[in-house]
Amino acid sequence: MAPSARSGPYFCGIDAAMDVVAGKWKPLILWELDHYGTRRFAELRRGLPGVSEKMLIQHLREMEEDGLVHREVYRQMPPKVEYSLTEHGLSLNAALASLGRWGTERMRRTGAEKVSVA
C-alpha cells in the first residue's frame, strides 16, 4: 500500500480522522460496505441515492489509497470490480458507530425524516 497523500501535520487525532472521512459520502460508503459486505460499483451507487458517479469514483480511490477499501478486479468479460472493507476500514467504521447512534437519536429527537432506499 502506497503512503497516503493525507499525512499531516495534524492538531490532534480527531483532525487526522476527519482528514480520512472528510466528505458527505465516505462515511456512507463505509456504512454500506460494512452493512452489506462486498459490493460492485453499481450496487454502491444504488445504495447511496444522490451520489454522482464522479464523486463515488473519487471517494473510492481515496479510500483505497488510505487503506480503508480493497478493490478487487476480476479479469473477465465483462470486467468485474468489487469493493470491500479492509481491517483498517472496519476499525474506522467501528469508531464511527457511536457517532451513528448519536445521529439516530438526533433524528428521533428532531423528527427528521429518514431516506428510504429501494
Side-chain angles (χ1 to χ4, degrees):
M1 173 176 54
S4 170
R6 291 172 293 284
S7 59
Y10 298 113
F11 295 107
C12 64
I14 291 175
D15 187 20
M18 293 307 294
D19 193 24
V20 174
V21 295
K24 176 179 180 177
W25 300 107
K26 286 183 182 179
L28 299 175
I29 293 167
L30 285 167
W31 180 87
E32 181 82 8
L33 290 173
D34 188 54
H35 191 74
Y36 293 106
T38 301
R39 305 285 271 176
R40 294 182 70 179
F41 183 85
E43 293 172 319
L44 280 170
R45 184 132 189 242
R46 277 193 301 273
L48 302 168
V51 69
S52 69
E53 185 172 325
K54 178 184 175 187
M55 188 58 60
L56 184 55
I57 290 168
Q58 178 183 328
H59 282 328
L60 285 168
R61 284 182 181 155
E62 290 174 3
M63 294 170 79
E64 184 181 9
E65 182 180 299
D66 289 330
L68 304 173
V69 169
H70 173 72
R71 181 177 185 261
E72 183 75 31
V73 179
Y74 296 90
R75 306 276 182 220
Q76 64 184 44
M77 287 310 266
K80 177 180 170 182
V81 178
E82 292 181 335
Y83 296 90
S84 59
L85 289 179
T86 63
E87 288 298 318
H88 194 54
L90 287 167
S91 69
L92 176 56
N93 212 39
L96 291 172
S98 59
L99 182 61
R101 286 190 296 275
W102 183 89
T104 299
E105 175 56 27
R106 181 178 187 278
M107 288 169 48
R108 185 201 61 76
R109 191 175 63 253
T110 63
E113 191 175 328
K114 184 177 180 182
V115 174
S116 177
V117 179

Flag yes if [X] and [Y] sit in one hydrophobic cluster, no otherwise; membership is Ile, Leu, Val, Met, Phe, Trp, Tyr, and two members link when side-chain heavy atoms are under 4.5 Å apart.
| X | Y | value |
| --- | --- | --- |
| Leu28 | Tyr36 | no |
| Val21 | Trp31 | no |
| Val73 | Leu68 | yes |
| Leu30 | Ile14 | yes |

Would you sort out whether Arg39 and Glu82 count as a side chain to side chain contact (heavy atoms under 4.5 Å, CB included), showing the intermediate values? CA-CA 5 Å; Arg39 305 285 271 176; Glu82 292 181 335; over 6 Å; no
So for atom NZ, which belongs to Lys24, do other residues, nucleotides or ligands contribute more than 12 heavy atoms lying within a distance under 6.0 Å?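 Incorrect, the count does not exceed 12.
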Check whether more than 12 heavy atoms from other residues, nucleotides or ligands sit under 6.0 Å from atom CD of Glu87, and answer yes or no.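 Open: at most 12 neighbouring heavy atoms sit under 6.0 Å from CD of Glu87.
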Just verifying a value: how many Å separate His59 NE2 and Lys54 NZ, rounded to the nearest 0.5 Å?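 Atom-to-atom, His59:NE2 and Lys54:NZ are 11.0 Å apart.
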I need the Lys26 NZ to Gln58 CD distance, nearest 0.5 Å.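 One gets 7.5 Å once the value is rounded to the nearest 0.5 Å.
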Counterpart residues, side chain to side chain donor-acceptor pair (under 3.5 Å), relative to Glu72 (two or more places apart):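 For Glu72, the residues satisfying side chain to side chain donor-acceptor pair (under 3.5 Å) (neighbours in sequence not counted) are His70.
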Check side chain to side chain donor-acceptor pair (under 3.5 Å) between Glu43 and all other residues, then give those that pass, not counting sequence neighbours.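 Here no residue qualifies.
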Considering residues at least two apart in sequence or located in another chain, which fulfil the side-chain contact (heavy atoms from CB on, under 4.5 Å) criterion with Arg109?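 With neighbours one apart ignored, the set is Glu105, Arg106.
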Closest heavy-atom contact between [X] and [Y]?
| X | Y | answer |
| --- | --- | --- |
| Val51 | Met55 | CG2-CB, 4.2 Å |
| Pro27 | Leu96 | CB-CD1, 4.4 Å |
| Leu44 | Glu32 | CD2-CG, 3.5 Å |
| Tyr10 | Asp15 | CA-OD2, 3.3 Å |

If you measure from the Lys or Arg side-chain nitrogens to the Asp or Glu carboxylate oxygens, is any gap between Arg45 and Glu53 under 4.0 Å?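 So Arg45 pairs with Glu53 through a salt bridge.
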Determine whether [X] and [Y] make a side-chain contact, defined as any pair of heavy atoms from C-beta on separated by less than 4.5 Å.
| X | Y | value |
| --- | --- | --- |
| Leu90 | Thr86 | no |
| Arg71 | Leu60 | no |
| Lys114 | Met107 | yes |
| Phe41 | Val81 | no |
| Ile29 | Leu56 | yes |
| Thr38 | Tyr83 | no |
| Met63 | Val20 | no |

